[in-house]
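Below is one structure, written out as C-alpha cells; comments come after it.
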Amino acid sequence: LVHQFQSSSSLSLVVDSLNLSKQIDDLSSFSDSPSPSVTRILYSDNDVRARSFIKNLMADAGLSIREDSVGNIFGRWEGSEPDLSAVSTGSHIDAIPYSGKYDGVVGVLGAIQAIHVLNRSGFKPKRSLEVIMFTSEEPTRYGISCLGSRLLAGSVSLAETLKQTVDNHNISFLDAAKSAGYAKNEDFSNVFLDDQTYSAFVELHIEQGPILENEGVSIGIVTAIAAPASIKVEFGGNGGHAGAVLMPQRNDAGLAAAELALAVEKHVLESGSIDTVGTVGILELHPGAINSIPSKAHVEIDTRDIDEKRRNNVIEKIHESAVEISKRRGVEILEFKIVNQDPPALSDESVIKAMESATQVLNLSNKKMISRAYHDSLFMARKAAMGMIFIPCYKGYSHKPEEYASPEDIANGVKVLALTLANLSFN
Ligand code: GLV
Ligand code: MN
Ligand code: MN
Ligand code: MN
C-alpha cells in the first residue's frame with residue numbers, strides 16, 4: 001500500500017509554497033524586535049499570539065488540538081488504527097533575541113503543510129499523525145534548552161526545578177506559564193510521554209550550516225545530534241571606585257570572567273578536534289558602570305561536541321580554570337553550575353531508511369550528516385524512533401536576522417517530510 005502510494009502519488013504531492021511563505025512572514029511579525037530580525041520569548045505576548053496563529057492553522061488543517069501544562073501543542077490526524085502508537089513531527093517557534101524567521105518555524109509550519117499535502121493527495125494514515133509545537137526549545141528566558149521536549153521525555157529533575165525557576169526579572173516559570181494560560185496544575189510530571197505514545201518522530205529543520213548549500217545537495221538526512229552542555233558561572237569581588245582603588249588592591253570580577261572566556265576558547269581548541277565548540281554568549285558585569293570596578297560577573301558558556309567524553313573533558317577543564325583564576329585573582333566563585341550536560345542522540349535506522357526512500361522517490365539529492373545544533377529531536381529520540389530532515393539555508397546563517405531558506409528548498413523538505421510520515425504511518 002505504501003509502495004503504491006509512493007510510486008503513484010509522488011507526482012501529486014502539491015506544496016502550497018505561496019501560502020507557506022506567507023505564513024512564515026506572518027508568524028515573523030509576532031516579534032519583540034524589528035523586522036527582519038525576530039525575537040519571540042517564551043510566554044511573552046508575542047509568543048501567545050504566535051501560539052494562537054499556530055493553533056488556527058492546525059485547526060484549518062483538520063487536526064484536533066491538545067495542549068499540555070507547559071504549552072506543548074499537539075495537532076492530531078486520527079489514523080485508521082488509532083490505538084497504534086502515532087507518528088509525530090514538529091519543532092519550535094520560539095526565537096532567540098535578534099534571530100531569523102526560519103529556525104524551528106520551518107519544522108512547525110512545514111509539518112502542517114505536509115498534512116495538507118497528504119490530505120490533498122488522498123492519503124489516509126494508518127497510524128495517527130501528530131504535529132507538535134514544542135515549548136521553548138531555546139533557553140532564552142529560563143536558561144533551559146528544549147524545555148518542552150525535555151519534559152515530554154520524562155525529565156523528573158526538570159519537572160521539580162520548574163517549580164522554583166525564575167527569569168532575570170524574577171518572574172517565576174509558574175506565573176509566566178499561568179499568564180499564558182498554562183500550568184493550571186503545578187505538577188509538570190503530567191507532561192511526560194508514555195513510551196507507547198509515538199512510534200516515530202521526524203523533525204524538518206534548516207541546516208543552520210553551509211554544507212548543503214555549498215555542495216548543492218537538496219536534503220540532509222541527519223544521523224546524529226551533537227551533545228550540548230551549558231554552564232553558568234558567577235564571580236564576585238570587592239568592586240569599588242575606578243579611580244581611587246589602585247591596581248594592586250583590586251579583585252576585579254569582570255577580569256576573572258574575561259579570563260575564563262579565553263580559557264573556554266583555549267580548552268576547546270586543545271581538544272584537537274574541529275567538532276569541539278565552545279561559546280561565551282552571555283557576559284554581564286555588575287554594577288555595569290564605567291567608573292566602577294565590576295563586583296560581580298556572570299558568564300554563560302555553551303559547549304558541544306559529537307563526542308560526549310571529549311565534551312565532558314572540556315567542562316572539567318573549564319571548571320579547573322575557574323578555580324585557578326579565582327584563586328590567583330582573589331575573587332570568589334559565587335556559582336559554578338552545569339545547567340545541562342546532555343548526551344548525543346542517534347537517528348533510528350528505520351526513520352533514516354524512510355527519509356532516504358522519500359528523497360529517492362522525489363528524485364532529490366541527499367547527504368547524511370550530523371546536526372551540530374540541538375533540537376527537540378535530541379529528547380524525542382528517548383521516546384520514539386527519531387530522524388531529522390535538513391534543508392539548505394543561505395550561507396548557513398542561523399541565529400541571526402540574515403537567516404533564509406528558499407521556498408523551493410522548503411517545499412522539497414515538506415515533500416520529503418510528507419512521504420516519510422506516510423511511510424512511517426504504515427510501518
Ligand atoms: C538551538 O537553537 C541550538 O542552540 O542549537
Ligand atoms: Mn535555535
Ligand atoms: Mn531550531
Ligand atoms: Mn535549535
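In each ligand, atom 1 is the first atom listed, and ligand 1 is the first ligand listed. Starting from 1, each residue takes its place in the sequence as its number. All figures in this text were calculated on a predicted structure; none of them were measured in a lab. Note: hydrogens, waters and symmetry copies are ignored here, and every other heavy atom, side chains too, is used.
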Checklist entry - Any salt bridge between Arg40 and Asp32, counting N to O under 4.0 Å? => result no
Checklist entry - Any N/O/S atom of His92 sitting less than 2.8 Å from the Mn ion (ligand 3), backbone or side chain? => result yes
Next on the checklist: With a cutoff of 4.0 Å, is His399 in contact with ligand 1, counting heavy atoms of the residue only?
Outcome noted: yes
Next on the checklist: Can you tell me if Glu137 contacts ligand 1 (heavy atom of the residue under 4.0 Å from the ligand)?
Outcome noted: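 So Glu137 counts as touching ligand 1.
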Do the side-chain N and O atoms of [X] and [Y] include a donor-acceptor pair separated by under 3.5 angstrom?
{"X": "Asn313", "Y": "Arg310", "answer": "no"}
{"X": "Glu284", "Y": "His286", "answer": "no"}
{"X": "Asp376", "Y": "His92", "answer": "no"}

Checklist entry - For Asp302, is at least one N or O under 3.5 Å away from an N or O on ligand 1? => result no
Checklist entry - Which atoms of ligand 1 are found less than 4.0 Å from any heavy atom of Ala373? => result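 Answer for ligand 1: 5 (O).
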Item to check | Atom indices of ligand 1 within 4.0 angstrom of Glu138 heavy atoms, with elements | outcome: 1 (C), 2 (O)
Checklist entry - Where does the angle between the aromatic ring planes of Phe390 and His205 fall among parallel (under 30°), tilted (30 to 60°) and perpendicular (over 60°)? => result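 Correct class here is tilted.
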Checklist entry - Between Tyr198 and Phe74, how do the two ring planes meet: parallel, tilted or perpendicular, split at 30° and 60°? => result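 Parallel: the ring planes of Tyr198 and Phe74 meet at under 30°.
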Checklist entry - When the ring centroid of Tyr43 is compared with that of Tyr142, is the distance short of 6.0 Å? => result no
Checklist entry - Out of the N/O/S atoms in His205, what is the name of the one closest to the Mn ion (ligand 3)? => result NE2
Next on the checklist: Checking one value in my table: which N/O/S atom of Asp103 lies closest to the Mn ion (ligand 3)?
Outcome noted: OD1
Checklist entry - Which of the N/O/S atoms in Glu138 sits closest to the Mn ion (ligand 2)? => result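 Going through the N, O and S atoms of Glu138 one by one, OE2 ends up nearest to the Mn ion (ligand 2).
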Checklist entry - Of all N/O/S atoms in His399, which lies nearest to the Mn ion (ligand 2)? => result NE2
Checklist entry - Any side-chain heavy-atom pair from Ile144 and Leu162 closer than 4.5 angstrom? => result yes
Checklist entry - How does His375 reach ligand 1, if at all, at less than 4.0 Å between non-hydrogen atoms: by side chain, backbone, both, or neither? => result neither
Checklist outcome for this item: Out of Gln208, His92, Arg304, the nearest non-hydrogen contact to atom 5 (O) of ligand 1 is supplied by Arg304
